[in-house]
Participant: 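Okay, here's the structure, questions in a sec.
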Amino acid sequence: MILAIDAGNTRTKWGVFDAQGAMQSNGVWLNSELMQYENLMACIPHEWQACKQAVISNVAGTRLATVIKAKLAQLSISQCWVVPTKQAANLLNRYESPEKLGSDRWLAMIAVRHDYVLPALVINAGTALTLDALDIDKTMQGVFLGGLILPGLHLMQQSLLEKAADLSTLDVQSGDLQRFPLNTHSAIYSGALSAMAGAVKSMYNKLEQHVGLAPLCIVSGGDAAILIECLQSELLIDAKQLVLAEHLVLKGLYFLERSFAEGLPV
Ligand SMILES: Nc1ncnc2c1ncn2[C@@H]1O[C@H](COP(=O)(O)OP(=O)(O)OP(=O)(O)O)[C@@H](O)[C@H]1O
Ligand SMILES: CC(C)(CO)[C@@H](O)C(=O)NCCC(=O)O
Ligand SMILES: [K+]
């Protein structure tokens with residue numbers, strides 16, 4: 001059994017994979033929750049005890065990493081912390097400094113390379129919104145062309161409330177997506193969601209132009225369903241090309257681990 005851990009900026013998700021690559025169990029913590037456990041053993045899921053090996057993606061900083069390291073050490077689970085490279089698991093990374101690419105973005109692309117037909121736009125709608133363009137070359141290798149980083153739905157709204165004096169008494173709460181909003185909550189919510197959808201449409205068009213055919217648009221993350229609904233209702237992207245994908249980073253971790261085990265080039 002292999003344990004995969006995806007530490008994002010808001011939440012940490014984990015999944016246990018069997019030898020056939022099926023996810024047998026999974027769970028999630030808020031990072032704030034995870035940092036508060038005094039007794040680390042108390043919050044270790046019993047499913048972890050069947051694992052000898054963990055593969056970890058962390059974009060949440062060193063404090064959270066320290067907590068996770070200690071948990072795994074207590075259980076004598078070996079640890080592999082993923083740092084993106086120039087090439088791995090049949091995917092080429094064209095980032096100027098490959099190791100500076102977020103490991104969550106890299107692993108989501110590894111999962112998409114494995115599970116879907118390329119080209120594809122790989123979207124994570126979480127704390128941040130990332131839009132990563134994935135093509136395929138003549139040798140059938142996946143190629144990461146580059147991508148965008150934006151604030152996610154919660155952050156976009158939160159930053160407005162923090163910096164605009166007349167909005168500072170409001171909470172981030174879901175307004176409605178409206179075409180012509182007539183109250184502040186819906187104006188802010190619709191503004192943030194429209195900005196996200198507009199960025200997706202723009203990036204999708206660029207990739208479509210670049211590859212000369214309609215790419216898939218694979219969406220994951222806490223706000224994936226909301227974003228897909230908006231893209232569909234506003235007719236921005238053909239519904240046939242839209243896919244809601246779960247656990248992409250966890251699956252990417254499993255596939256990367258397996259590619260190491262099979263001795264594929266890294
Ligand atoms: N307690 C919360 N705090 C912040 N965002 C939340 C919370 N609960 C739900 N969300 C929603 O989830 C989104 C974050 O998604 P997700 O959980 O995928 O992020 P994450 O775990 O931080 O992952 P990543 O850092 O990889 O983006 C926010 O935009 C927000 O709408
Ligand atoms: C962009 C985020 C925050 C998305 O989770 C993460 O992938 C990250 O911290 N990336 C490092 C910077 C980069 O990808 O260029
Ligand atoms: K993520």
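Counting starts at 1 for both ligands and their atoms, following the listed order.
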Participant: Which of the atoms in ligand 2, numbered in the order shown and given with their element, are less than 4.0 Å from a heavy-atom of Tyr95?
Facilitator: 13 (C), 14 (O), 15 (O)
Participant: Backbone or side chain, does any N or O of Gly102 fall under 3.5 Å from an N or O of ligand 2?
Facilitator: yes
Participant: State the CZ-OG distance between Arg179 and Ser186, to the nearest 0.5 angstrom.
Facilitator: 15.0 Å
Participant: Which of the numbered atoms in ligand 2 are under 4.0 angstrom from any heavy atom belonging to Lys100?
Facilitator: 11 (C), 12 (C), 13 (C), 14 (O), 15 (O)
Participant: Anything under 30° is parallel, anything over 60° is perpendicular, the rest tilted; go ahead and classify Trp48 against Trp29.
Facilitator: perpendicular
Participant: May I ask you to test the Phe260-Leu256 pair for a side-chain heavy-atom distance under 4.5 Å?
Facilitator: yes
Participant: Taking heavy atoms and a distance under 4.0 Å, where does Asn9 meet ligand 2: side chain, backbone, both or neither?
Facilitator: side chain
Participant: At a 4.0 Å threshold, what atoms of ligand 2 neighbour a non-hydrogen atom of Leu101?
Facilitator: 14 (O)
Participant: Are any of the N/O atoms on Asp104, whether in the backbone or the side chain, positioned under 3.5 angstrom from an N/O atom of ligand 2?
Facilitator: yes
Participant: Ligand 2 and Ser103, any nitrogen or oxygen pair closer than 3.5 angstrom?
Facilitator: no
Participant: Evaluate the side-chain proximity of Asn93 to Thr85: yes if any heavy-atom separation is below 4.5 Å, no if none is.
Facilitator: no
Participant: Is it possible for you to say whether Val200 and Leu244 belong to one hydrophobic cluster, with membership spreading through side-chain heavy-atom contacts below 4.5 Å?
Facilitator: yes
Participant: Same cluster or not: are Met140 and Met109 linked, directly or through other Ile, Leu, Val, Met, Phe, Trp or Tyr residues, by side-chain heavy atoms under 4.5 angstrom apart?
Facilitator: yes
Participant: Using a 4.0 Å cutoff against the non-hydrogen atoms of Arg105, which atoms of ligand 2 qualify?
Facilitator: 7 (O), 13 (C), 14 (O), 15 (O)
